[in-house]
Amino acid sequence: TPLPGEGGASLPSRLTFHWVTPLLTRGASRPLQAADLPPLLPGDATAPLTAAFATAHAAVLAEDAAATAAEAGAGADGGAPPPPTPGGGGGGGAKGAPPAPPPRRALGLGWTPWTWRRRQVSPALRALVRVFGRDVAVALLWKPPWLAAAVAQVFCLRYLVTAVQAAGPTTPVAVAPGVAVAAAMFTATLLLSVTRHGLFGSMMRHGMRGRAALSGAVFAKLLRADVAAVSDGALANVLATDVTRVQEAAAYLHFLVGAPVELATFTALAAVDLDGPSAAAALAVVVALFPAQLAFSRAMHAARRGAVGHADVRLGALATLLRAARAVKLAGAGGAFLDAITGARRREVAALRRAVTLRTANAALFFAAPLLIAAAGFGVFAARGGVLTPARAFSAMALFNYAARVLLMAPNGCAAVAEALVALPRVDAVLAAGEAPVVGRRAAAGGGGPPRPRGGGGGGSPQRKTRWGWVAPSPRRRRCR
């Protein structure tokens, strides 16, 4: 019997993820079957997501084509030439060089700098924003309650420590206010946990939806694409790595979006709790750690990108070897292919090992950052003659901890978004690949395009063999011989 799942769960069950408990219990008792899984939510099905993305992607491409036609018409009327398109060959510039910005005198030709810059953005990214932008914006509304809960937790902690510090033999502790503040602190902690996990779950869900939409669009394109237009290694990386980068970018996006407001809030509260120079010293340590964190993120990104490139080479050589196994054996080129594949794999593993090492160092810096920040802030405060009370120390350390977490997680968001921006043009290349001509019954029924010529003449493109095999001669031919 399938479990009800999230669709039939109550609001408290959704907030605490309690609806997963029956599934975990059944999985602990016996192996799960397909019939045990709860039904998908209507918005999580792959087919509607792929259709919505395909519609948005087609609309983006149509807008770009219309803008290009309008610019070409404006240039033909005697105005300034239209701006270069991404990857275009005009202008006489160096091959692969970034396009130059549009000239000032061409601003009245029907296109604007914003139009030109928008067309430099990946069409797949613009289509994803159209499909999932509203849902992601709604999911980011978990951020303000999380910030409010974090600030409330710090103030409650300060009040409780101050009350305990002020109590003495002749001054009893005010029990009723203390219990009320403790209950408020418990509520703030619970709200902090619920908002954090709710934000993570929502962003991860939208990331998985975007991954499903991209994967479905790539698979649909491959049913129509010419096999020579996409290499096997690039295709494997697109389906296994690039679409995953989009999911990771969605999961880490909130660290990048909310970092400025959160950092300003925690720094201002630390300045009120200690003083301005002490908070400035702590902020200086945070700012000093930021380039190191960013350098680690860039190095990890470069290592992953190198691993992806080596995987392209390895998978491409392996696919060529599998397609032409008999020819490789006859030519005696098996050793060369083996060297190429093992060498690419060796370089790929080295790049992955370097990425893991950098991630470990980055994690060590992340956990050591709050101690360094607190030492800087408290050192300046004590040097200026300030009295460091327990209440002030506890609240300041909590604020420094939050500030360090926000600022040190922001580079991870930058790295994830940067990796997604690098991966999406690869997805665009697959979606823009040439399509094979329709042959057979589909062409006769108007399925699009003239049939591909089967012979070697007629001026058409020569046919390439994509399969290797050996056909034994029939006995009738042997008797004829």
Side-chain angles (χ1 to χ4, degrees), residues 6 14-15 17 20 40-57 60 121-147 194-219 237-262 293-294 297-298 300-301 304-305 308 355 359 362 405-406 408-428 430-431:
E6 186 179 3
R14 290 187 179 185
L15 291 177
F17 297 94
V20 189
L40 287 175
L41 294 179
D44 292 342
T46 303
L49 293 174
T50 303
F53 175 79
T55 302
H57 191 259
V60 168
V121 182
S122 165
L125 176 59
R126 290 154 58 191
L128 287 173
V129 170
R130 291 191 179 192
V131 177
F132 303 104
R134 180 184 179 89
D135 296 334
V136 171
V138 172
L140 290 176
L141 294 179
W142 286 102
K143 270 293 185 179
W146 178 86
L147 181 59
V194 169
T195 52
R196 178 185 302 172
H197 291 89
L199 176 61
F200 176 78
S202 300
M203 298 300 292
M204 183 60 71
R205 162 165 288 171
H206 297 317
M208 295 181 69
R209 286 175 175 176
R211 176 182 177 180
L214 287 176
S215 299
V218 170
F219 277 116
N237 277 322
V238 165
L239 293 176
T241 304
D242 293 335
V243 294
T244 306
R245 297 288 180 255
V246 177
Q247 176 182 344
E248 293 177 354
Y252 283 97
L253 180 63
H254 63 93
F255 290 114
L256 185 60
V257 173
V261 176
E262 295 168 1
Q293 190 84 357
L294 191 59
S297 300
R298 289 178 177 175
M300 286 189 295
H301 170 60
R304 290 178 180 176
R305 186 169 53 186
V308 169
R359 180 182 288 274
N362 191 18
R405 177 183 178 275
V406 169
L408 294 180
M409 288 301 292
N412 292 334
C414 294
V417 172
E419 290 179 0
L421 293 178
V422 172
L424 283 173
R426 298 161 62 95
V427 178
D428 289 327
V430 174
L431 296 179

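The analysis underlying the following values was restricted to heavy atoms, covering all of them including side chains, and did not include hydrogens, waters or symmetry mates.
Here the shortest heavy-atom pairing between D428 and P123 reads OD2-CD, 3.3 Å. Taking both residues in full, the closest heavy atoms of A416 and A249 are given as O-CB, 3.6 Å, listed atom of the first, atom of the second, then distance. When all heavy atoms of A217 and T50 are compared, the closest pair comes out as N-CG2, 3.6 Å. Counting all heavy atoms, side chain and backbone alike, V131 lies closest to A52 at CG2-O, 3.7 Å. Looking at every heavy atom in both residues, P145 comes nearest to T195 through CB-CG2, 3.7 Å. Annotation for R130 and A56: closest pair CB-CB, 4.2 Å, computed over non-hydrogen atoms.
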Would L424 and L128 count as a side chain to side chain contact (heavy atoms under 4.5 Å, CB included) if you check the C-alpha gap in whole Å, the side-chain angles of each, and the deciding distance to 0.1 Å?
CA-CA 10 Å; L424 283 173; L128 287 173; 4.3 Å; yes

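For the pair K143 and V261, the minimum side-chain heavy-atom distance is 4.5 Å or more. Residues L140 and M203 form a side-chain contact, since some pair of their non-hydrogen atoms from C-beta on lies under 4.5 Å apart.
Of the inter-residue distances, the one linking E262 atom CD with F255 atom CZ reads 9.0 Å to the nearest 0.5 angstrom. A distance of 14.0 Å separates CH2 in W142 from CZ in F200, rounded to the nearest 0.5 Å. Taken to the nearest 0.5 Å, the CG atom of L199 stands 11.0 Å off from the NE2 atom of H197. Between atom NE2 of residue H254 and atom CZ of residue R196 there is a gap of 10.0 Å, rounded to the nearest 0.5 Å.
In Y252, the OH atom is not crowded: 12 or fewer heavy atoms of neighbouring residues, nucleotides or ligands sit closer than 6.0 Å. Shown here is F17, whose CZ atom has more than 12 heavy atoms of other residues, nucleotides or ligands within 6.0 Å.
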Expected list for residues 207-216: side-chain donor-acceptor pairs under 3.5 angstrom, two or more places apart:
unit_1: R209; atom_1: NE; unit_2: G43; atom_2: O; d: 3.2
unit_1: R209; atom_1: NE; unit_2: D44; atom_2: OD1; d: 2.6
unit_1: R209; atom_1: NH2; unit_2: D44; atom_2: OD1; d: 2.8
unit_1: R211; atom_1: NH1; unit_2: Q247; atom_2: OE1; d: 3.1
unit_1: S215; atom_1: OG; unit_2: R211; atom_2: O; d: 2.9

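Every residue two or more places apart in sequence or in another chain was checked for a side-chain contact (heavy atoms from CB on, under 4.5 Å) with A418, and none qualifies.
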